[in-house]
Amino acid sequence: MKKLMNPRLMLIASMTIFGTLGIFVRNIPVSSGELALYRAVLAALLIGGFLLVTGQKIPFGGIKKELPLLLASGVAMGINWILLFEAYKYTSVSAATLSYYFAPVIVTAVCPLLFKERLTGKQILCFVMSTVGLVLITGIGGGLSGSRDIIGILFGLGAACFYATVILLNKFIKNVEGIHRTFLQFIAAIIVLLPYVLFTGGITLSSLDGKGWINLLIIGLFHTGVTYCMYFSSLKELPGQKAAILSYIDPLVAVFISVTVLNEAMTLPQVIGGALILGFTLINELSPRKGKAD
């Protein structure tokens, strides 16, 4: 009874759920900042309630030095959500998601500056080919025609930059793990998102109908609270390489839903571009050595 679900199944389930996010966002008629705030509040309430019920205390005494990093990563997470939700409003879910998945490429490019790591030939090739894929998705070669699509992809890239920031900041956070880290990051996101929403349009929850409320609760409680817990719990149990491979379920599901459920067309250059981004980013994350068995 110790494990309710196999870690691999938890990661597959969480990645699949993340991939469906766009379809629910489309059904909530509030601003992106407001939606990001509600997402953080609902998830924080759910995880906070779980911590209370299970008697888990946050060891504030041992994490004082890392609180600024947690605050910064929470702020980056909140901005990341705002930009991603804006991307969904301007372009297709597939184009927004694929541009958002440029984040690992950004991390690869920045790590040599922050951690004094040298880029290998393989990393440089993967960076160049992923960038070519991004160019194809943006439609510079004729893939997309409207300015709204370009704006949406720029929002997706902005979200990727802030998601990369979250990843990089988490590399410096050593003493806060799992559910505690997630909870504190949501609290930090709320701290920065609340004044932003109040000064840019205010709270408009009264405008939501039943459909909007259902979709909001699904995103806040299910997509964020429950699924983030599943995601981080599975990461603790799985080898990094296996987790990296399974994480690509998210964009593949998002593209599938975009094309089949939302009826959003993808051009051939976009398909090729998406394959280049996902393929070469995955190759970059795969270790050249396979010494240990999983």
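Just so it is clear, the structure is predicted and the values come from calculations on it, not from any experiment.
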Measure from the side-chain N and O atoms of [X] to the backbone N and O of [Y], and report whether any donor-acceptor pair falls under 3.5 Å.
{"X": "Lys122", "Y": "Ile283", "result": "yes"}
{"X": "Ser258", "Y": "Ala254", "result": "no"}
{"X": "Thr227", "Y": "Phe222", "result": "yes"}
{"X": "Thr224", "Y": "Ile219", "result": "yes"}
{"X": "Arg148", "Y": "Thr91", "result": "no"}
{"X": "Asn215", "Y": "Lys211", "result": "yes"}
{"X": "Glu264", "Y": "Val93", "result": "yes"}
{"X": "Ser73", "Y": "Leu70", "result": "yes"}

message = Could you check whether Glu34 and Thr204, counting side-chain N and O atoms only, form a donor-acceptor pair closer than 3.5 Å?
response = yes

query = How about His223 and Phe18: are their ring centroids closer than 6.0 Å?
reply = no

Given side chains that start at C-beta, do those of [X] and [Y] come closer than 4.5 Å, heavy atoms only?
{"X": "Tyr228", "Y": "Phe186", "value": "yes"}
{"X": "Lys89", "Y": "Phe85", "value": "no"}
{"X": "Tyr100", "Y": "Leu157", "value": "no"}

ask   = Near Tyr163 OH, under 6.0 Å, is it more than 12 heavy atoms from other residues, nucleotides or ligands?
value = no

